[in-house]
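Order of the sequence lines fixes the chain letters, A, B, ..., with proteins taken first and strands second; residue numbering starts at 1 for each chain. Only this structure's heavy atoms are used, side chains among them; waters, hydrogens and symmetry mates stay out.
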Amino acid sequence: MSISGSSEIKQLVSAVARKLRLSRLISEIGFVVAVIFFAFAALLVLSIPFEFVTSPWAFVGFGIFTLGLFVYVWFKAWTSVDAQDAARYLDERAGLKDEVLSALWFIDSTGKQSSIGGGDFVAAHLERAVARIQPIKADKMVPLRFPQSSKFAVVAILFFSVTWVGTSNVVIAHRADLAVRTTLSSEGVDAVPRPVFDGREAVGIEEINDALEALQRDDITFEAKKEALKKAREVLDQINMDAVMTREGLSKLSKLLIDQKGFEGVGRALEQGNIQEALVLLKEKQEELAALSDMDGQLGIEEQQAGSTARSEDISSGELGDAARDLMNEVGRPDPRNITRLIENLEQAQQDMESQERANTAASRMESAGERIGLAQTGAADYGGRSATSDQAEAGNGTPSPDAGNNDMAGGSLFRQGSVTASEEDQGDDGSSTGAPEGHAAALALEGRMTQRLDAVLRLEKTQVKGDDSVEGEESAWEFQASKKGKARTEIVQGIDSVTYDDSDVLNSEFVSVEQRQAVQQYFLEIHEGNKR
Amino acid sequence: MTSSVEQQVKVFQDRFSQVVDEVSKVIVGNGDVISNVLTCLLVRGHVLLEGIPGVGKTKLVQTLSDATDLGFSRIQFTPDLMPGDIIGSNVVRETDDGKKSFEFQRGPVFTNILLADEINRATPKTQSALLEAMQENSVSAGGSTHKLDQPFFVLATQNPIEMEGTYPLPEAQMDRFLFKLRLDFPEAADLLTIVERTTQQDDLTASHVLSKAEILEMRETARAVAVAQPVMQYAIALALATHPESSEGHDLAKRYVRFGSSPRGVQSLILGAKVNALLNDRFYVSVEDVKAVVMPALRHRVLINFEAEAEKVDSDHILEEIVRCVALPKT
C-alpha cells in the first residue's frame, strides 16, 4: 500500500494539534488567573475582619501553589489534544467528513489494511486526502483569538485591583477599641487628636490681631469694628474648642499610660498637664529602644532570643520589658514607631496649647479695646461665656480657667473634676416647694441623687440660683451645678458605651459610624449651644 | 491506482442509479427504500419489508427482479406452509429401467431473489427453514447440503396491522435480515401517479439493466471500501448504546429496551455504510455514512419492552436519541 503524502497529512495535523493545545492552554490559564485573582480579592476582603497573618511563609506557600497550578494546567492542556482530536477538528472545520481522521489512521496502521478494506481504496483515499488538504493552512483553521476566559481574567484582575485599592487603608476598630479601657496601641497613640497642620491657630491669632488693630483705628466705622470683633470671637471660639479636644485626648492618654508599666511617669506628667516632662520621658524611652535595636543588630538571629532574655533580667530594661506588653508590636517588643508617633502628637498638642494661650492673650487685649469703644461683651449669648476676662472677673473664687490659657493647675487635671453623687446629706426636698392642683407637693430630688455615680467632668461655674431663704448669709445664695460641658461628657460616654460598629448601620469613607459622629457632634453642640441657651 | 478505483466507484454509482431509475419507473416514491433494497442486494444481505397492504411491497420485489435479470421465486407464506415447500424435498423417482431412487426436488428457495410474502403468517418451523439459506447460502435436506446460487437475496414482507393468526418472527430470524425497511402510505401526489400508472391498459414493467455478473462485481467493489478503526468504533458504540445491561447503554435503552443489537447489527452498519460511501463518492466510510443506515440496520434488532409499548415508544425513537448522543469515541 502506498502511503505517499502521509507526511503532508501528518504535518498539517501536527500543526493544528499544536495550535489547538496553545489555544486551550490560553483558555485554561485565563480561568486559572481569574480564579486566583478572585481568590486574592476575597482574601483581601476577608482579611479586614479576620486579620489574616501575612507571614512570608504564607506568601511562599501560595506562590508554590500557584506555580503548581499553572504547571498542572499546562500539562493537562498540552496532553488533552492528540493527533486524532486535531484530525477531527480539521475535518469538522474544513467539511471533510472524517477524511483526515481516516487517512491519519490508515497512515498509522500500515500493514493492517487487509482487514479494513481494499488496499487500492486506501491508497486512493490517501491520495485524495492529500490533494484536499493542500490548500488548507493551519493558521486559518485555528485562528489565535482571545478565549472567553480571558474576559474573566481581565474582570478578575480589575476586581482585585479595585478591592486592593479599596481595602489598603481600611482599619476596622473593634468593640474593645471603642471602650475607654483600650490598651495603648498604635490607635491608642492617636488618642491625642492630631491637629490639622493648616496653620489655623496662626491664622486665628492673626485675625484677632487684625480685629485689635481695627478696634484701635479711627478711620473705620463702628459697624465694621463690631463685625471684626465678632469674627475674631468666632475664631477664638474655634481655637478654644480645638484646645478642649486636645485636652480631652491628653486626659485619656494620661489614663492609658498610667496603666502601662514603664510609662506611668509619662502618664502622670500628662495628668498634671506637664507635656514637656512627658516628652522628655518618652524621648528617654525612645533612646533606650534605639539602643536595644542597635544591640539586636549586633546580635545574630540565633542569639536574639537569648539577648532578649538577658535584657529582661537587666534592671534598667526590665521596666521596658513590662512596658512592651502594652506598647509592643507584633513581635512582642515595644514599638518605636508608636512612641515616635506619640511624641509627635504630644509636641503638636503642646503647640496647640501654646497657640491657644497666645490667642487668648490677644483676645484679652482685643476685648479690652472693645470695652473702650463700647463693644464689650454683654452676655454669654454673644460670647459663649468663654471670656477669660469675664470668667476671671466674675468668678467669685477666681478659679484659673483652662479657657484662659492657664493649664498649669497644680495637682489637677485640666478641669476640676467633681461628681454629682448621692450623699447622705442630700435631701429630696431642696427647700423649694411647688404648688400642685392636688395640694402641696415636694420638689423632686436634686439631679444625681438616686443615679449611678458617673465620672462627669465638670466645669467650675458659679451660677446664681434661688437659695434657701431660711439660711442667712451670702453663701446660701450661691450653688455649684454641673456645667454644660460636664453634662455633655456624660452623654458622650454613655453614647460610646452603647454604640458599637456592629450596631451602626452606615460607615462613611473614614469608617466612622454615623452614630458615633452624631454623638461627637451632639457633644459639641451641647457645649456650644447649651451655653447660648 | 487512484484512477482505477475512481473508475470502479463511477461504474458502481452508474449501475446503482440505473437500477434505481428503472425500478422507479414502476414503483412510485419510496426512493430510499429502493436504494436500501439494492444496498442489501449488493452487500449480501436480506431485507424485511414492512408495510400496510397495498403499498407495493411485492411489486417492488418483482420489479427489482425484472430490472436485474435474476432468478425470482415467490412464496406466499401461510400457516399450513411446510419447510419442504420452501427448501424442497426428496422424492422417489423411478428410472426407465424400473429402479427407484430418492432425488432432491429443489424448492423455491433455489433462486436468486426470493420473495417471502407475508412471512409472519407461516409457523416458526417453516420460518426457520429459511435460516440456513439466509445465513449460509446453502440448504440441507436428505442428508446432503445444497449450495444456493449467488446472488441469493431474500426479501420478506410482513403486515404490521393484521397480527391475528400470525407468528411474529423470532429474534434469531429477524437478526438475519440486514435491513428492515418500512413502506409508508404514499403521499397524495404519489398516490395519483400510482393510480395513473396502474389503471391504464398496459402494465409498466422494468427492463433488465443489471446482469448477475455485474451484481457480483458490484458486491466486490462495495466490500473493498476502506473503513478506519475510529469509524468502526463509532458503529460499535452505537450498538452498545442499545444494550440496557451495558455500562455504555443509553438511558432510553436502559428504560425501554429488552434486548439490544447483536454483533450482526454492527456488521450491517458497516456494510450499509460502505455502499453509502460509494454512492457519495468516497473511498472510505465516514461517520455520516454509518449514521445514514442506523435506522434500517438496527431498528429490528432493538427489541423494546412492555413499558415502551405501553408508552408508545418505538425503536426508531430510541435510535434517534442514541445517534444524537453518541459521539465518535477516542481510540
Side-chain angles (χ1 to χ4, degrees), chain A residues 1-6 9-10 13 17 20-21 24 76 79-134, chain B residues 1-13 42-43 217-238 266-267 269-293 326-331:
Chain A
M1 185 200 68
S2 168
I3 52 169
S4 62
S6 62
I9 294 174
K10 281 193 163 182
V13 170
L20 282 176
R21 286 178 197 134
R24 184 165 295 185
K76 290 293 286 183
T79 55
S80 63
V81 179
D82 57 13
Q84 202 176 94
D85 294 325
R88 285 180 193 177
Y89 178 84
L90 203 54
D91 283 333
E92 196 177 323
R93 284 297 300 262
L96 295 177
K97 298 186 188 300
D98 309 318
E99 192 158 7
V100 178
L101 176 68
S102 296
L104 190 70
W105 189 82
F106 290 137
I107 291 166
D108 292 339
S109 311
T110 309
K112 301 177 186 174
Q113 308 307 321
S114 59
S115 63
I116 54 166
D120 293 347
F121 273 76
V122 172
H125 166 49
L126 290 178
E127 201 170 322
R128 189 184 275 184
V130 170
R132 288 252 174 97
I133 64 166
Q134 288 291 350
Chain B
M1 187 182 293
T2 305
S3 59
S4 155
V5 172
E6 281 179 349
Q7 185 64 30
Q8 283 183 58
V9 173
K10 184 77 171 64
V11 169
F12 184 94
Q13 290 171 346
L42 297 176
V43 295
E217 192 182 323
M218 286 175 77
R219 281 187 167 187
E220 292 303 315
T221 303
R223 291 262 169 178
V225 174
V227 187
Q229 201 177 71
V231 179
M232 285 187 187
Q233 286 177 331
Y234 175 72
I236 291 167
L238 286 175
V266 183
Q267 294 169 355
L269 285 172
I270 297 298
L271 288 171
K274 285 189 172 189
V275 174
N276 206 58
L278 287 173
L279 295 178
N280 286 286
D281 198 25
R282 281 195 287 269
F283 307 147
Y284 66 97
V285 172
S286 74
V287 168
E288 197 172 90
D289 298 323
V290 176
K291 285 180 179 175
V293 295
V326 173
L328 195 62
K330 290 186 80 169
T331 53

Colleague: Between L278(B) and F121(A), is there a side-chain heavy-atom distance shorter than 4.5 Å?
Modeller: yes

Colleague: Can you tell which part of V9(B) gets under 4.5 Å to a heavy atom of chain A, answering side chain, backbone, both or neither?
Modeller: side chain

Colleague: Considering non-hydrogen atoms only, spot the tightest contact between F106(A) and A228(B) and give its length.
Modeller: CZ-N, 3.7 Å

Colleague: Contact part of D91(A) toward chain B, heavy-atom cut-off under 4.5 Å: side chain, backbone, both or neither?
Modeller: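 Answer is neither: D91(A) stays 4.5 Å or more from chain B.
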
Colleague: Any chance you could lay out the side-chain contact (heavy atoms from CB on, under 4.5 Å) test for V231(B) and W105(A), step after step, and finish with the verdict?
Modeller: CA-CA 10 Å; V231(B) 179; W105(A) 189 82; over 6 Å; no

Colleague: Which heavy atom of V285(B) sits nearest a heavy atom of S102(A), and at what distance?
Modeller: O-OG, 4.0 Å

Colleague: Is E220(B) in contact with chain A via its backbone, its side chain, both, or neither, using a 4.5 Å heavy-atom distance?
Modeller: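 Neither; nothing under 4.5 Å.
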
Colleague: Between atom CD of E6(B) and atom CZ of R128(A), what is the distance when rounded to the nearest 0.5 Å?
Modeller: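 Going from CD on E6(B) over to CZ on R128(A), the span is 5.5 Å.
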
Colleague: Quick one: closest heavy-atom pair of Q84(A) and P230(B), and the distance?
Modeller: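 Taking Q84(A) first and P230(B) second, the nearest heavy atoms are NE2-CG, 4.1 Å.
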
Colleague: Has D98(A) got a side-chain atom pairing as donor or acceptor with V287(B)'s backbone, closer than 3.5 angstrom?
Modeller: yes

Colleague: So, taking the atom named OG in S286(B) and the one named CG in L96(A), what distance separates them when rounded to the nearest 0.5 Å?
Modeller: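 The OG atom of S286(B) sits 11.0 Å away from the CG atom of L96(A).
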
Colleague: Identify the heavy atoms of E99(A) and Y284(B) that sit nearest to each other, and give their distance.
Modeller: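 Smallest interatomic distance, heavy atoms only, reads CB-OH, 3.2 Å.
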
